[in-house]
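In what follows, chains are A, B, ... by sequence order, proteins preceding strands, each numbered from 1. Here the structure is a predicted model, which means the values were calculated and not measured. The basis for the numbers below is simple: all heavy atoms, side chains too, and nothing from hydrogens, waters or symmetry mates.
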Amino acid sequence: MPELIEVELYRQALDAAVGRRISAVLTPDPTYARNNLSGDEVRAALVGTTIESTTRIGKLAVAALDSGHQLGLRFGMTGRLVVDDVAVIDELEYSSGRDDPSWDRFVLHFADGGVARINDPRRFGSVELDPDLTRLGPDATLISALALTAALQSDRSVKAVLLDQSRIAGLGNLLVDESLWRAGIDPARSARSLDDETVRHLRRVIRRTLTQLTRRGGSHRGDLQDERHQGGICPSDGASLTRRTVAGRTTISCPAHQR
DNA sequence: ATTGTGGCCTGCCCGC
DNA sequence: TGCGGGCAGGCCACAA
């Protein structure tokens, strides 16, 4: 997916749908709705309602409907949101730049003739009615030092904790690797072992990284990105980067300056 | 309870 | 040029 940065762009795109009435819902992929909701049930809940506002928590985009219900949108690893045929993001890393209609998994038609759709080749995204927001930790853009310290009280690796959406919402594999690389922290290090000063530093780095990569245009625009391959070199000190699996994910880090 | 692992899906890229 | 293997920005169910 899209990580927090891309989902925020999707949310902004969805803002174009605010005030517009949903006239039809297409669910070409019957498994795309969570909780075993059928296409008929999704349609019944959405058709005739109007989107009143949008929010985002972590990687979840939420549309509030005038019915009082909420529609949650998740984009998995390859999902894109296209509103009125405007794709805010043309290409996702590790996904195709194509916009094949057969990859449309969920389509909202508006009474004014516009369309909002999720195009997702790999089908890891989903839509959900009234998602349980309490299962998400604080959004990474807003997290306080206190909350980050609390989140890191774990014997797991710092990377596993940062990826855990119930502790901190919004960071994915690329953003976590980039942030830990910038902060000089070994991803495999125990989360609990970070002292207060390191946690404060990490928080600043995460927020700065999010701001900066947003300006650059996406989670894949990190300084580490071009070296995420076999034989990659640390852009900071020239050391050979380490490639391994941490927290079940491919992890790139610098053995020289990440401790 | 907490934590790690496998699996879900499909497209793309690299090397033979 | 064609083909197969490996890989992928996420998240859930499941087992220990």
A/D112 atom CG, neighbour heavy-atom count above 12 within 6.0 Å: yes
Nucleotide B/dT10, atom P - distance to CG of A/D104 in whole Å: 15 Å
Side-chain N or O of A/T78 closer than 4.0 Å to phosphate OP1/OP2 of C/dG10: no
Nearest listed nucleotide, side chain of A/W103, among B/dG11, C/dC11, B/dT3: B/dG11
B/dC12 OP1/OP2 closer than 4.0 Å to side-chain N/O of A/R98: yes
Rounded interatomic separation in angstrom, taking CG from A/D164 and C1' from C/dG10: 13 Å
Aromatic plane relationship, A/H257 with A/W181 - under 30° parallel, 30 to 60° tilted, over 60° perpendicular: perpendicular
Short side-chain to backbone donor-acceptor contact, A/T214 and A/I5, under 3.5 Å: no
Atom-pair distance (NE2 on A/H220; P on B/dC12), nearest Å: 17 Å
Atom P, compared across B/dC9 and C/dC3: separation rounded to whole Å: 26 Å
A/Q153, CD: over 12 other non-hydrogen atoms inside 6.0 angstrom: yes
Test item: A/E3 side-chain N/O and A/G172 main-chain N/O as donor-acceptor pair under 3.5 Å: yes
A/D99 CG to B/dG11 P, straight-line distance once rounded to whole Å: 14 Å
Nearest-neighbour nucleotide for the A/P121 side chain, B/dG4, C/dG10, B/dG11 considered: B/dG11
Would you tabulate the nitrogen or oxygen pairs shorter than 3.5 Å linking the protein to nucleotides 12-16 of chain C?
residue : atom : partner : partner atom : Å
C/dC12  : OP1  : A/R34   : NH1          : 2.6
C/dC12  : OP1  : A/R34   : NH2          : 3.1

A/D196/A/R200 ion pair, N-O < 4.0 Å: no
A/Q165 side-chain proximity, nearest of C/dC11, B/dG4, B/dC9: C/dC11
Length of the CZ-C1' vector between A/R243 and C/dG6, whole Å: 10 Å
Interatomic distance, A/M77 CE vs B/dG7 C1' [rounded to whole Å]: 13 Å
Touch class at under 4.0 angstrom, heavy-atom based, for A/S154 against every strand present: sugar-phosphate
Given A/M77, A/R74, A/R105, the one that forms side-chain contact (heavy atoms from CB on, under 4.5 Å) with A/D120: A/R105
Whether A/F124 stacks on the six-membered ring of B/dC8 base, 5.5 Å and 30° limits: yes
Pairing pattern in dot-bracket form [Watson-Crick, G-U; both distances under 3.5 Å; | = partner strand] for DNA chain C: .|||||||.|||||||
Rounded distance (Å) that lies between atom C1' of B/dT5 and atom CG of A/L163: 15 Å
Heavy atoms of other groups near A/R135 CZ, more than 12 under 6.0 Å: no
Base of B/dC9 paired with side chain of A/R122 (donor-acceptor, under 3.5 Å): yes
Sole residue of A/L108, A/D99, A/L26 in side-chain contact (heavy atoms from CB on, under 4.5 Å) with A/R117: A/D99
d(CZ, A/R249; C1', B/dG6) in whole Å: 14 Å
A/E178 (side chain) donor-acceptor with A/L224 (main chain) under 3.5 angstrom: yes
